[in-house]
Protein chains: 2
Amino acid sequence: MAVTDEAIEKIKGMIVSGALRPGDRLPKESELAADLGLSRNSLREAVRALSLIRILDVRQGDGTYVTSLDPQLLLEALSFVVDFHRDDTVLEFLAVRRILEPAATAMAAVRISEQQLDALTAQLDKLGEAPSVEDLVACDLEFHRGIVHSSGNSVLCSLLDGLSGPTTRARIWRGLTQEDAVARTLREHRAILAALRDRDAEAARSWATVHIASVEQWLRSTL
Amino acid sequence: MAVTDEAIEKIKGMIVSGALRPGDRLPKESELAADLGLSRNSLREAVRALSLIRILDVRQGDGTYVTSLDPQLLLEALSFVVDFHRDDTVLEFLAVRRILEPAATAMAAVRISEQQLDALTAQLDKLGEAPSVEDLVACDLEFHRGIVHSSGNSVLCSLLDGLSGPTTRARIWRGLTQEDAVARTLREHRAILAALRDRDAEAARSWATVHIASVEQWLRSTL
DNA sequence: ATGACCTGATACGTCGGAGGTCTTGAACGC
DNA sequence: GCGTTCAAGACCTCCGACGTATCAGGTCAT
């Protein structure tokens with residue numbers, strides 16, 4: 001195994017074992033390199049790799065730190081990976097999202113605060129009746145993000161965030177080519193919100209399912 | 001932005017845009033470094049980072065290649081990230097798994113082949129009535145992996161693979177401390193398998209939910 | 001002619017050192 | 001007390017050299 005890979009494993013080990021805790025500062029490059037028995041250049045490769053997936057946070061002029069290791073932060077790296085998938089796997093991502101999103105929406109129905117409900121309402125109101133496709137999709141992302149956040153599960157939240165990215169392009173495309181897509185999306189958002197206000201988890205789940213299934217169905221018929 | 005980060009973005013761009021396709025070989029380090037306008041050392045940091053998340057495959061003495069970019073391969077990197085999460089977030093991972101696994105099991109009920117069913121049966125038979133905890137957990141992973149694979153959604157499959165890792169430790173712990181956990185797990189596996197043989201998606205979903213919920217419940221009461 | 005073996009070219013792996021740039025915090029002057 | 005300046009510390013980038021693994025092509029014995 002290459003010395004760099006060993007260094008990655010050793011640093012990972014130090015974090016997993018608790019020798020390094022979130023927020024801790026690592027020894028400076030030259031010292032850490034000496035400790036781990038490799039050159040500064042090779043160590044930097046290891047640090048850079050761990051930095052890409054948000055395990056380490058490198059600040060020039062300051063030092064290298066262990067990140068908070070929050071699920072949100074670590075799963076953020078997921079979206080980077082997801083970006084590489086080609087359109088032919090979008091359907092599979094969408095299928096996974098169709099499983100998670102309704103569940104998250106149902107969870108939110110029993111937990112969401114009045115304040116958040118008002119914020120979601122305001123958000124939909126602000127968008128108006130005939131928004132541009134780009135605005136709609138951006139609002140769509142925010143709307144669902146807000147709901148999922150209220151599910152209270154940060155892993156679920158981050159996962160859906162990562163999965164929603166690649167389907168965004170598809171939805172923009174849809175908005176541009178399918179006439180009633182915009183109006184339909186607006187109606188479904190209102191329905192989901194109404195179900196949340198009623199604290200009706202099953203209704204919320206169903207509307208979320210319908211909402212995503214409509215995108216899925218359209219995409220399947222188009223490809 | 002640092003030159004290395006630029007290089008990462010540029011390489012990513014080359015892949016996403018299709019200039020580099022899965023399996024393609026990259027120019028040699030010195031050339032690519034010259035093309036991208038940075039030093040070989042800095043480029044190596046970029047390549048190493050992309051290699052960690054399985055975007056690139058570096059072979060000493062040969063060259064650097066773009067991987068297949070299969071969802072399976074890319075989401076494999078997820079398990080690396082998940083390893084860093086501490087025990088206090090295991091419950092959240094388990095909650096997500098409780099959403100995905102039943103859905104995957106239900107999907108498998110209508111797609112799984114007779115051959116696969118026989119393989120799962122043989123697997124359970126081989127384990128016997130009173131397996132060691134380690135064997136049981138290993139078999140548990142294989143059992144669910146086999147079922148999820150039959151769901152036909154490789155993204156779902158890889159995602160569950162990544163999520164199952166961190167809960168493994170918890171399950172071993174449970175097996176060691178909860179008396180009837182082993183017998184219960186064996187019974188539930190048989191029940192899931194029976195539902196799959198009956199092509200009963202709803203029964204399969206329910207048994208899978210019960211199966212995971214039992215782990216979740218125990219863990220919640222313990223923490 | 002065929003096969004194993006050897007060898008050179010090629011490309012990645014590792015290293016040490018030299019400047020450069022950015023952040024931080026203390027010393028300084030107002 | 002407050003803002004400015006400056007120097008130390010840490011990461012950033014680069015260069016050149018050498019080590020090591022892989023592969024292809026040639027050599028030689030069978």
Side-chain angles (χ1 to χ4, degrees), chain A residues 1-15 19-69 73 76-77 80, chain B residues 1-15 19-69 73 76-77 80:
Chain A
M1 185 191 279
V3 292
T4 302
D5 293 317
E6 283 180 31
I8 292 176
E9 287 303 320
K10 285 177 182 172
I11 296 173
K12 176 181 177 181
M14 287 190 282
I15 296 175
L20 284 175
R21 305 166 127 271
D24 278 359
R25 177 180 179 158
L26 273 68
K28 63 179 174 189
E29 286 182 349
S30 56
E31 282 181 15
L32 187 55
D35 288 347
L36 300 181
L38 42 66
S39 74
R40 242 191 88 238
N41 271 331
S42 300
L43 173 66
R44 278 184 58 78
E45 290 182 19
V47 171
R48 172 72 65 177
L50 290 173
S51 163
L52 179 66
I53 57 175
R54 314 300 178 96
I55 302 296
L56 298 180
D57 180 19
V58 181
R59 305 176 204 161
Q60 181 179 171
D62 184 359
T64 302
Y65 300 81
V66 179
T67 66
S68 63
L69 298 181
L73 195 64
E76 205 173 282
F80 185 92
Chain B
M1 185 191 279
V3 292
T4 302
D5 294 316
E6 283 180 31
I8 291 177
E9 287 302 320
K10 285 178 182 171
I11 295 174
K12 176 182 176 180
M14 286 191 283
I15 296 175
L20 284 174
R21 306 166 128 269
D24 277 0
R25 177 180 181 160
L26 274 68
K28 64 180 174 190
E29 287 181 347
S30 56
E31 282 181 15
L32 187 55
D35 288 348
L36 300 181
L38 40 61
S39 73
R40 198 177 145 234
N41 269 335
S42 299
L43 172 66
R44 277 184 59 79
E45 290 182 19
V47 170
R48 171 71 65 174
L50 291 174
S51 162
L52 180 66
I53 57 175
R54 316 299 180 94
I55 301 296
L56 299 179
D57 180 20
V58 181
R59 307 177 203 159
Q60 179 175 357
D62 184 358
T64 302
Y65 300 81
V66 180
T67 67
S68 63
L69 298 181
L73 194 64
E76 203 174 283
F80 185 93

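Only heavy atoms go into these numbers, but all of them, side chains included; no hydrogens, no water, no symmetry mates. Every chain is numbered from 1 and lettered A, B, ... according to where its sequence line falls, protein lines coming before strand lines.
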What is the distance, rounded to the nearest whole Å, between atom CD of B:Glu45 and atom P of C:dG13? 13 Å
When rounded to whole Å, the CD to P distance for the pair B:Glu31 and C:dA11 reads 7 Å
Any heavy-atom pair between the side chains of A:Leu56 and A:Ile15 that's under 4.5 Å? yes
From OH of B:Tyr65 across to C1' of C:dC12 the rounded distance in Å is 11 Å
So do A:Asp57 and A:Thr64 actually touch side chain to side chain, heavy atoms under 4.5 Å? no
Minimum-distance nucleotide (side-chain atoms of A:Val3 versus C:dT14, D:dC23, D:dT13): C:dT14
For D:dT13 and B:Thr4 - does any side-chain N or O of the residue sit under 4.0 Å from the phosphate oxygens OP1/OP2? yes
CG of B:Asp62 versus C1' of D:dA24: gap in Å, rounded? 12 Å
Tell me, do B:Leu20 and B:Tyr65 make a side-chain contact under 4.5 Å, heavy atoms counted? no
Dump the pairs, protein N or O against N or O of nucleotides 16-19 of chain D, anything under 3.5 Å, distances to one decimal.
from   : atom 1 : to      : atom 2 : distance (Å)
D:dA17 : N6     : B:Arg40 : NH1    : 3.4

Considering every strand and a 4.0 Å limit on heavy-atom distances, what is the contact class for B:Thr64: base, sugar-phosphate, or nothing? sugar-phosphate
Figure out the CZ/C1' separation between B:Arg44 and D:dT20, and round it to whole Å. 12 Å
Do any N or O atoms from the side chain of B:Thr4 and from the backbone of B:Glu45 form a donor-acceptor pair under 3.5 angstrom? no
Among the nucleotides C:dT14, C:dC15, D:dC23, which one has an atom lying closest to any side-chain atom of A:Leu38? C:dC15
Base, sugar-phosphate, or nothing: which does A:Ser30 touch, judged by heavy atoms less than 4.0 Å apart? nothing
Does the side chain of A:Pro22 come within less than 4.5 Å of A:Thr67's, by heavy atoms? no
Can you tell which of C:dT23, D:dT13, C:dA11 lies closest to the side chain of B:Arg25? C:dA11
Compare all side-chain heavy atoms of B:Glu29 with those of B:Arg44 and state whether any distance is below 4.5 angstrom. yes
Salt bridge present between A:Lys28 and A:Asp62 (N-O < 4.0 angstrom): no
Residue whose closest nucleotide on DNA chain C lies nearer the 5' end, A:Met1 versus B:Gly63: B:Gly63
Nucleotide C:dT14, atom P - distance to CD of A:Glu6 in whole Å: 9 Å
So does A:Arg21 have more than 12 non-hydrogen atoms from other groups sitting under 6.0 Å from CZ? no
Are B:Ile11 and B:Leu43 close enough that some pair of their side-chain heavy atoms sits under 4.5 Å apart? yes
Is the side chain of A:Asp35 donor-acceptor paired with the backbone N or O of A:Leu32 at a distance under 3.5 Å, no angle test? no
The correct set of residues in residues 50-59 of chain A placing a heavy atom under 4.0 Å from DNA chain D is A:Val58, A:Arg59
Any side-chain N or O of A:Ser42 less than 4.0 Å from the OP1 or OP2 oxygen of C:dG13? no
If I take atom CD in residue A:Glu29 and atom P in nucleotide C:dC22, what distance separates them, rounded to the nearest angstrom? 16 Å
